[in-house]
Amino acid sequence: MRKIDLIVIHCSATREGNSYTAHDLERDHRLRGFSGIGYHYYIRINGEIINTRPIEKMGAHAKGYNQHSIGICYEGGLDTYGKPKDTRTAPQKHSLQVVISELLARFAQCRVCGHRDLSPDLNGNGEIEEKEWVKVCPCFEVQRSR
Ligand SMILES: [Zn+2]
């Protein structure tokens with residue numbers, strides 16, 4: 001088993017009201033040259049949890065952090081106009097908690113963060129601020145919502 005000390009949360013950047021299946025995700029990631037879905041878990045709008053890649057296998061979801069992390073993506077993240085929004089449904093929030101707690105039970109030393117929290121700390125103050133975000137994914141504050 002590879003060393004795992006980080007769990008990264010993502011959104012699929014899907015507009016509210018639209019559906020984006022694991023099949024769509026797989027097709028798009030293969031088009032980007034990945035060997036299947038880059039995330040380890042995908043959480044649908046209805047809360048369904050899909051294990052999209054064995055956690056033993058390195059993911060393709062957070063540049064520079066893939067080797068020692070697990071990637072979890074939820075379906076959504078954009079409002080109907082395409083603007084970033086925390087679109088997580090109650091079942092999705094619950095499923096996220098379930099997956100994260102199971103992983104934390106197995107990998108106790110894990111830090112949990114959002115994709116955007118891995119942006120470079122440009123001013124070196126030890127905090128990744130909104131103006132430093134390379135992208136807004138996963139469109140909610142992971143630390144505060146846990
Ligand atoms: Zn992301």
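In listed order, ligands and their atoms are each counted from 1.
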Decide, yes or no, whether a salt bridge links Arg30 with Glu26 under the criterion of side-chain N to carboxylate O below 4.0 Å. yes

Are side-chain heavy atoms of Thr87 and Tyr74 found at a separation under 4.5 Å? yes

For [X] and [Y], does a side-chain donor sit closer than 3.5 Å to a side-chain acceptor?
{"X": "Asn51", "Y": "Tyr42", "answer": "no"}
{"X": "Glu127", "Y": "Asn123", "answer": "no"}
{"X": "His61", "Y": "Ser69", "answer": "yes"}

If we ignore hydrogens and angles and just use 3.5 Å, is the side chain of Asp5 paired with the main-chain N or O of Gln109 as donor and acceptor? no

Take the Zn ion (ligand 1) as the centre and count protein N, O or S atoms at distances under 2.8 Å. 3

